[in-house]
Amino acid sequence: MAASTALIGVAALVWTQLEQEEDQEQDFFHKLLQTCSLDVEAAGTVPVDGIPGTVNERTFIAIKPDGVNRGLIAEIISRFESKGFKLVGIKILTPTKDFAEKHYADLSARPFFPGLVKYFSSGPVVAMVWEGKGAILTGRKIIGATDPTKAEPGTIRGDLCIQVGRNIIHGSDGVESASHEIKLWFKPEEVANWNRSLDPWISEAN
Ligand code: RTP
Ligand code: MG
């Protein structure tokens, strides 16, 4: 008698647990659907340079000619994608010398500027816009220090290059440069406001 009462108790517990899990699952999918439909409405309203401080923060990332020639495009994209950032703009082009000078205009007084411009315009660059909470600062952390000998292992520069003059990747260093660089490289219609069905798995706060 006692054993069957205990069994009934266990069954009731399991049942309650299953019901709770089902409720949580339903809650999640409800939230997911809500988020997706909200995103559909909100997607078109994100400015090309994103909204800093939100899940729509955007940064400009470029794989430099050495990174492209060394076959590191997939590896680099994978690091941003795996982190959870969303790719909203991408193209490949060889920058002219003039355009490279414009991109690095803030460094024009530095002794390495002519060499930098020559290097940056020496072959194809993969220009990208990545979106997500903290994309600008976290993007810089994923990239690592300017000088690869000082870049931490685990960062792109720390793992994949050894020379400051061939450091394979560029990333915006702040809100202003991100906005400036995205607008310099991309027309608004070249950046996609798109909804990712797994966004709630990445960007939801609890
Ligand atoms: P980036 O703009 O390319 O993301 O690099 P960064 O912010 O980490 O560094 P920044 O000071 O903006 O320098 C831009 C690029 O110039 C080259 N550089 N060469 N020879 C040198 O001492 C030297 N210092 C910088 C690097 O390609 C660096 O990424
Ligand atoms: Mg820089």
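Start at 1 and go down the list; that is how both ligands and their atoms are numbered.
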Asker: Return the residue, atom name and 0.1 Å-rounded distance of the protein heavy atom closest to atom 28 (C) of ligand 1.
Answerer: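 Ranking protein heavy atoms by distance from atom 28 (C) of ligand 1, first comes N167 ND2, 3.5 Å.
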
Asker: If you have a sec, work out which protein heavy atom is nearest atom 6 (P) of ligand 1 and how many Å separate them, to one decimal?
Answerer: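 Going by distance alone, atom 6 (P) of ligand 1 is nearest to T146 OG1, 3.5 Å.
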
Asker: Any chance you could measure F186, atom CZ, to M128, atom CE, to the nearest 0.5 Å?
Answerer: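 It is 8.5 Å, given to the nearest 0.5 Å.
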
Asker: If two hydrophobic side chains count as joined below 4.5 Å and joins carry through other members, does I169 share a cluster with W130?
Answerer: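 Shared cluster, yes.
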
Asker: In this structure, does ligand 1 have an atom that sits under 4.0 Å from one of the heavy atoms of K64?
Answerer: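 True for this residue.
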
Asker: Could you tell me whether ligand 1 has any atom less than 4.0 Å away from a heavy atom of F120?
Answerer: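 Flag not set, F120 not near ligand 1.
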
Asker: Does G50 offer a backbone N or O that forms a donor-acceptor pair with the side chain of E131 under 3.5 Å?
Answerer: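 Checked: no pair found.
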
Asker: Give a yes/no on ligand 1: does D173 have at least one heavy atom closer than 4.0 angstrom to it?
Answerer: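 In this structure, D173 fails to qualify as a contact of ligand 1 - no heavy atom is under 4.0 Å.
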
Asker: In the protein, which heavy atom is nearest to atom 2 (O) of ligand 1, and how far is it?
Answerer: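 Here the closest protein heavy atom is H170 ND1, 2.9 Å.
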
Asker: Whether K64 engages the ring of Y119 as a cation-pi pair (distance to the six-membered ring centre under 6.0 angstrom, angle to the ring normal within 45°) should be assessed.
Answerer: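 No, K64 and Y119 do not form such a contact.
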
Asker: Hey, which atoms in ligand 1 end up nearer than 4.0 Å to a heavy atom of Y104?
Answerer: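 This gives 1 (P), 2 (O), 3 (O), 14 (C) as the contact atoms.
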
Asker: At what distance is the nearest protein heavy atom to atom 26 (C) of ligand 1, and which residue and atom is it?
Answerer: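 Ranked first by proximity to atom 26 (C) of ligand 1 is V164 O, 3.4 Å.
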
Asker: Just need the protein heavy atom nearest to atom 15 (C) of ligand 1, so name the residue and atom and give the distance.
Answerer: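 For atom 15 (C) of ligand 1, the nearest protein heavy atom is L116 CD1, 3.8 Å.
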
Asker: Going only through I, L, V, M, F, W and Y residues with side-chain contacts under 4.5 Å, is there a path from V125 to L184?
Answerer: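 Yes, it is one cluster - the side chains of V125 and L184 are joined through contacts under 4.5 Å.
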
Asker: Look at atom 7 (O) of ligand 1 and say which protein heavy atom is nearest, naming residue and atom and giving the distance to 0.1 Å.
Answerer: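 Going atom by atom, the protein heavy atom closest to atom 7 (O) of ligand 1 ends up being R140 NH1, 2.8 Å.
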
Asker: Should G171 be listed as contacting ligand 1, given a heavy-atom distance under 4.0 Å as the test?
Answerer: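 Judged by the 4.0 Å heavy-atom criterion, G171 does count as contacting ligand 1.
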
Asker: Is the number of heavy atoms from other residues, nucleotides or ligands under 6.0 Å of I162 CD1 greater than 12?
Answerer: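 No, the 6.0 Å shell around CD1 holds no more than 12 heavy atoms from other groups.
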
Asker: For atom 21 (C) of ligand 1, find the nearest protein heavy atom and state the residue, atom name and distance (0.1 Å precision).
Answerer: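 Ranking protein heavy atoms by distance from atom 21 (C) of ligand 1, first comes F112 CD2, 3.6 Å.
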
Asker: Do I156 and I90 belong to the same hydrophobic cluster, where Ile, Leu, Val, Met, Phe, Trp and Tyr are linked whenever their side-chain heavy atoms lie under 4.5 Å apart, directly or via other members?
Answerer: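 Yes, I156 and I90 fall within the same hydrophobic cluster.
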
Asker: Tell me: protein heavy atom nearest atom 13 (O) of ligand 1, and distance?
Answerer: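 Result for atom 13 (O) of ligand 1: L107 CD1, 3.5 Å.
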
Asker: Which word best sums up how the rings of H103 and W185 line up, parallel for under 30°, tilted for 30 to 60°, or perpendicular for over 60°?
Answerer: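 Ring orientation, 0 to 90° scale: perpendicular.
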
Asker: Could you tell me which atoms of ligand 1, counted from 1 in the order shown, lie closer than 4.0 angstrom to a heavy atom of R157?
Answerer: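 Checking each atom against R157, I get 1 (P), 3 (O), 4 (O), 5 (O), 8 (O), 29 (O).
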
Asker: Take a 6.0 Å sphere around NZ of K102 and say whether it holds more than 12 heavy atoms from other residues, nucleotides or ligands.
Answerer: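 Open.
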
Asker: For the pair F85 and F80, name the ring-plane relationship: parallel under 30°, tilted 30 to 60°, perpendicular over 60°.
Answerer: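 Rings of F85 and F80: tilted, 30 to 60°.
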
Asker: Please confirm whether R110 comes under 4.0 Å of ligand 1, counting heavy atoms of the residue only.
Answerer: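 The answer is no: ligand 1 sits nowhere under 4.0 Å from a heavy atom of R110.
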
